[in-house]
Amino acid sequence: WINTPIGKMFDGDNRNAWTLIVDTQNFKGPLAFMLPEYWEEEGKWQDNAGNYHPAEDFGNVGMNTGGWAFEFSTIPILGHQKAEGRFVRIPKLEMSINKGTDKTLLMTGFKSWDDANLYNDVEQVLAGRTTNLQEENLMRSNAGIKHECDGDHEFSVSLAAEGRGYFMGGMLQTRQDGGECVAQIEWDFDSDGVDCTASDKCKFKETFQLTDLTIERPSATSDFEVTFGSMVPLDDAVPELDSRDFSNDYHPDVPPQYERSTGTICGAPPADNILYCVQSREGDWLGYRWYEFSEQPGLQRLNLGSTEKAWLQARINRLHTAMQPTAPLNEWLKPPSSGLPPLVEVDENYIVTPPAGLEIGYVPIVVYQGMNEPEGCGMSTTPSPTISKAPTMPPVSTEQPTSEPTEFCQDVPGFRFLGFGCNFLPGLRCLLFQRVRTNCPNTCGNC
């Protein structure tokens, strides 16, 4: 995440638009940004007059690079009591390992960059001062500030249930290696808690028996012996647990799919009303439609006027045009000097090509995700609007946004989709952030 001028909404807008830049085998470049407006309310307290405090937030102050953490956090668990004892089951969990090693690299190449390494060059293109975006000069490997580890640390990868812990076969390590701060998991392939027989992943055990703490005194003259409760992994399944489903037990009221494929989202009309559909490698389906960048649903809560929209759209058109020759491999983020294994690949079904006429200035927005193919794939229920040509740069706007919107239209809080160049990632928006919030109004989708 780094501040870029992509999210500027008006001339002179100096707020921070924290932008997600990715680097994979088959997709590279900026992907999305957070609206500064999101931080104006999120995480703050409101006084009796309706004012939010404190005034400072991530949208208007700098950000320091601090520590990081890795955890599974809370995961669902199913339990069953039998005469033989108590048994629990966790969901299927596995982690990729770097091929040919016993390690999983989590993070490396910790760096920060100032405006001279990215922001200024991108703004030159957005503002129309140049059409040449020299991506090789952005976030260069020999620029920026490299962050070193604060000492060497090692912790076990463990599972805990009802106060009982279990070693899951890996050690979480943070250390300097080859000039870089490296965070990784080193696996014990002989551990009972993990199965690493596959060449590219380690799979955790799913079923355990819980044993209780016992205190025994073998004889009147001996000391007490304390045996702490533990989780004993089982190779055999427990039928009473295998017959139960996690989603039904834990989320019976959550619909099994994200469905916004009918009607408009937050009143935003798509540029092409055809419902495009793709199926992922894992089997789930995505349905998406193409929107002009300034008309995408996530921006509707700003109530931008026509002049503001034209100003924003012209900037994005210029950036799309400059990035198109190398899309979808716009290598803004450069790899660290050493220690980086082969990058992951994005599911190729998620890298989509826009329809003719929508190559510049348009983005795909997911309106459906579920295990079944959505109805109406490849069909248009209403006539598509006329596709507009790239507007020229309008004069500096003096138009002010209208009053506060009556709807808080944010399918994903503050998360705006970019979709640069000829190829896009419509899946990331729902897959990673689908349930960030579940209390959004029905008119704005199930988040």
Side-chain angles (χ1 to χ4, degrees), residues 1-23 29-46 51-68 110-127 129 133 135 137-140 143-145 147 293-294 296 298-304 308-309 311-316 318-320 323 330 332-334 363 396-397 400-401 404-405 408-420 428-429 432-433 436-437:
W1 290 92
I2 189 169
N3 183 30
T4 75
I6 297 174
K8 291 179 66 169
M9 294 294 150
F10 51 86
D11 191 27
D13 186 359
N14 294 320
R15 298 172 301 167
N16 299 324
W18 299 106
T19 304
L20 176 63
I21 299 176
V22 299
D23 184 30
L31 186 60
F33 66 93
M34 297 290 294
L35 282 176
E37 283 79 4
Y38 171 68
W39 308 111
E40 292 177 1
E41 299 177 4
E42 189 67 19
K44 297 187 177 185
W45 63 273
Q46 193 174 15
N51 301 312
Y52 287 91
H53 304 274
E56 297 78 13
D57 56 53
F58 286 135
N60 57 38
V61 298
M63 181 183 295
N64 291 328
T65 301
W68 72 283
F110 298 88
K111 297 190 76 172
S112 300
W113 288 269
D114 58 21
D115 288 350
N117 298 129
L118 177 67
Y119 190 103
N120 296 343
D121 288 346
V122 175
E123 175 61 22
Q124 291 293 311
V125 173
L126 288 164
R129 301 185 188 103
L133 180 62
E135 294 178 330
N137 292 332
L138 303 179
M139 304 172 74
R140 300 187 308 276
I145 301 173
H147 300 276
F293 183 89
S294 59
Q296 62 178 294
L299 294 178
Q300 299 309 303
R301 69 183 298 255
L302 302 182
N303 281 340
L304 299 176
E308 282 87 1
K309 288 182 179 181
W311 188 88
L312 174 62
Q313 188 64 45
R315 288 167 59 87
I316 295 301
R318 297 184 188 116
L319 187 60
H320 277 192
M323 295 178 62
N330 302 100
W332 289 21
L333 180 62
K334 310 302 187 294
V363 291
V396 175
S397 170
Q400 298 296 320
E404 286 294 315
F408 188 81
C409 293
Q410 265 180 280
D411 279 358
V412 179
F415 203 72
R416 302 287 67 79
F417 202 67
L418 298 179
F420 289 109
L428 185 66
R429 178 172 175 273
L432 295 186
F433 298 92
V436 173
R437 280 186 179 171

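In this text the structure is predicted, and so the values were computed from the model without any measurement.
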With sequence neighbours excluded, tell me which residues meet side chain to side chain contact (heavy atoms under 4.5 Å, CB included) with [X].
X      : result
Ala116 : Asp114, Asn120
Asn14  : none
Lys309 : Ser294, Glu295, Gln300, Leu304
Glu56  : Pro54, Asn60, Val61

Contacts of type side chain to side chain donor-acceptor pair (under 3.5 Å), residue [X], not counting sequence neighbours:
X      : value
Glu135 : Thr326, Asn330, Trp332
Asn3   : Asn16
Asp115 : none

Worksheet item: If you measure from OH on Tyr119 to CG on Leu138, what distance do you get to the nearest 0.5 Å?
Response: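 It comes to 14.0 Å.
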
Is a side-chain N or O of [X] found less than 3.5 angstrom from the main chain of [Y], in a donor-acceptor match?
X      : Y      : value
Lys111 : Ala143 : yes
Arg140 : Asn137 : yes
Trp113 : Ile2   : no

Discussion item. Is there a side chain to side chain contact (heavy atoms under 4.5 Å, CB included) between Leu126 and Lys8? Walk through the geometry before answering.
Written reply: CA-CA 10 Å; Leu126 288 164; Lys8 291 179 66 169; over 6 Å; no

Under the salt bridge (charged side-chain N to carboxylate O under 4.0 Å, His left out) rule, collect the residues that match up with [X], sequence neighbours excluded.
X      : value
Asp121 : none
Lys334 : none
Glu40  : Arg15

Residue pair [X] / [Y]: nearest heavy atoms and the distance that separates them:
X      : Y      : result
Phe33  : Thr19  : CB-OG1, 3.6 Å
Gly7   : Ala17  : CA-CB, 3.7 Å
Trp18  : Trp1   : O-CZ3, 3.3 Å
Ile6   : Pro30  : CD1-CB, 4.2 Å
Pro36  : Gly59  : CB-CA, 4.5 Å
Arg318 : Ala127 : NH1-C, 3.8 Å

Under 4.5 Å between any side-chain heavy atoms of [X] and [Y], yes or no?
X      : Y      : answer
Phe58  : Met34  : no
Ile316 : Val363 : no
Arg315 : Glu123 : yes
Met139 : Ile21  : yes

Practice prompt. Just do the side chain to side chain contact (heavy atoms under 4.5 Å, CB included) check on Met9 and Leu299 with the steps written out, would you?
Written response: CA-CA 10 Å; Met9 294 294 150; Leu299 294 178; 3.9 Å; yes

